[in-house]
Amino acid sequence: MSTSAPPAAMLLRRLRRLSWGSTAVQLLILTVVTFGLLAPLACHRLLHSYFYLRHWHLNQMSQEFLQQSLKEGEAALHYFEELPSANGSVPIVWQATPRPWLVITIITVDRQPGFHYVLQVVSQFHRLLQQCGPQCEGHQLFLCNVERSVSHFDAKLLSKYVPVANRYEGTEDDYGDDPSTNSFEKEKQDYVYCLESSLQTYNPDYVLMVEDDAVPEEQIFPVLEHLLRARFSESHLRDALYLKLYHPERLQHYINPEPMRILEWVGVGMLLGPLLTWIYMRFASRPGFSWPVMLFFSLYSMGLVELVGRHYFLELRRLSPSLYSVVPASQCCTPAMLFPAPAARRTLTYLSQVYCHKGFGKDMALYSLLRAKGERAYVVEPNLVKHIGLFSSLRYNFHPSLL
């Protein structure tokens, strides 16, 4: 009479059959080496990776970032001190026609002396406009100073080169008509003032609203040219309320509320899974094609891209303006927002109907209006500006940090 072997013995016999050359063992070793050794070693200093060692690097990297920002602020100050004014031989703005195609409005307040954030932003825009040449002749730089005091040195310096609108010039109190206005509502009102001033002064086709700590990327003008003249001719994009040019890198992971990213994530697995399977089968001398192996490599590549950081893989899209993606926008944040002129006028009406406060800033107000008013908005990926300001204009920050 035969008796069946106990489960433990059966499991032991199956494990003994596994050899170093078996597919299961090889894939297990690959997983352990990749996620337990190689990726942590390669990515421990990548700020937006799950492998980032925050306690080891964050303070040092934040201090290095601040020191570099100070140097770039000084360089921007020297740039304008050595630049002839708009009345000289080197104009800072181009305006081929009385009516610009794009107005670039930089909203500025006096913040954290020494960093010269607004000078960094305007100097970079100036360099890029010079490089762009005749193609950007319809672009107009416009500075909107919403500082309550008269001590904004950088705005005074820039007034020699860029047209400036001063919201609080000649007002008797800090907040204009209503001294009880909270800082979040004031920020919204400043935004409305600058957007309205841009439309009234120039009547452009588009208004790009840029905060004074958002430095443009090198590709911003070729990408905007492609998006606005080619992509936004599509019906579902044409009537958008706004196009965001920035979304925080820390919020760009796949595991986020945006459902479109889940589809992209699955697409990464469907693309890389078969490719890695083919490479493995070829180098491991395995015959045929294995669906379980392909499923493994699909999940492997999806996990690797997420843990290393989606932000870093998005950088590959900078190879060409046509590779930039346009996806539905989420609520945070507003360093750089592009408004078609008709949508900008609708936005002014909408914002006049809401009141901002702590926990409900202008970015949340704009996002809430999309569903309430049946509007659509989008964000371009990867970002077209870099957020360099570690000092908020709304909150005191005695310990600025990159995260």
Restricting to side chain to side chain donor-acceptor pair (under 3.5 Å), what partner residues turn up for [X], sequence neighbours left out?
{"X": "Ser330", "answer": "His247, Glu258"}
{"X": "Tyr367", "answer": "none"}
{"X": "Glu81", "answer": "His78"}

Requested in this report: Could you check whether the rings of Phe142 and Tyr202 sit parallel, tilted or perpendicular, using 30° and 60° as the cut-offs?
Outcome: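 Because their plane-to-plane angle is over 60°, the rings of Phe142 and Tyr202 count as perpendicular.
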Query raised in the report: Can we call the ring centroids of His139 and Phe125 under 6.0 Å apart?
Result: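 Not close enough - the centres of the two rings lie 6.0 Å or further apart.
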**Report entry** Salt-bridge present (Lys188, Glu185; N to O < 4.0 Å)
**Finding:**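 Between Glu185 and Lys188 there is a salt bridge, with a charged N closer than 4.0 Å to a carboxylate O.
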If I take atom [atom1] from residue [X] and atom [atom2] from residue [Y], how far apart are they, to the nearest 0.5 angstrom?
{"X": "Asp154", "Y": "Leu77", "atom1": "CG", "atom2": "CG", "result": "7.0 Å"}
{"X": "Ile106", "Y": "Leu141", "atom1": "CD1", "atom2": "CG", "result": "5.0 Å"}
{"X": "Leu58", "Y": "Gln63", "atom1": "CG", "atom2": "CD", "result": "10.0 Å"}

Report task. Show your reasoning for whether side chain to side chain contact (heavy atoms under 4.5 Å, CB included) applies to Tyr280 and Gln26. Result -> CA-CA 10 Å; Tyr280 169 77; Gln26 290 176 349; 2.6 Å; yes
Any sub-3.5 Å donor-acceptor pair from [X]'s side-chain atoms to [Y]'s backbone N or O?
{"X": "Arg111", "Y": "Gly389", "value": "no"}
{"X": "Ser69", "Y": "Phe65", "value": "no"}
{"X": "Asn182", "Y": "Cys356", "value": "yes"}
{"X": "Tyr324", "Y": "Leu224", "value": "no"}

**Report entry** Within residues 332-341 or reaching into it, pairs that qualify as side chain to side chain donor-acceptor pair (under 3.5 Å) - sequence neighbours excluded
**Finding:**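 Non-adjacent pairs meeting side chain to side chain donor-acceptor pair (under 3.5 Å): Glu211-Thr334, Thr334-Lys362.
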Query raised in the report: Going by the side chain to side chain donor-acceptor pair (under 3.5 Å) test, which pairs reach into residues 34-49, not counting sequence neighbours?
Result: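 Only Thr34-Tyr300, His44-His57, Arg45-His57 qualify under side chain to side chain donor-acceptor pair (under 3.5 Å).
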Query - Evaluation steps, side chain to side chain contact (heavy atoms under 4.5 Å, CB included), between His126 and Gln130 - result: CA-CA 6 Å; His126 182 227; Gln130 284 186 314; 3.7 Å; yes
Report task. Could you point out which residue of Arg310, Arg318, Arg317 forms a salt bridge (charged side-chain N to carboxylate O under 4.0 Å, His left out) with Glu381? Result ->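 Testing Glu381 for a salt bridge (charged side-chain N to carboxylate O under 4.0 Å, His left out) against Arg310, Arg318, Arg317 leaves exactly one candidate, Arg310.
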Query - Non-neighbouring partners of Lys386 that pass salt bridge (Lys or Arg N to Asp or Glu O under 4.0 Å), sequence neighbours left out - result: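 Checked Lys386 against salt bridge (Lys or Arg N to Asp or Glu O under 4.0 Å); zero matches.
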**Report entry** Residue pair Gln120 / Gln124, side-chain donor-acceptor N/O under 3.5 Å
**Finding:**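 Side-chain D/A pair, Gln120 to Gln124: absent.
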Requested in this report: Flag yes if more than 12 heavy atoms outside Asn203 fall under 6.0 Å of its CG atom; otherwise flag no.
Outcome: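 Atom CG in Asn203 is packed in, count exceeds 12.
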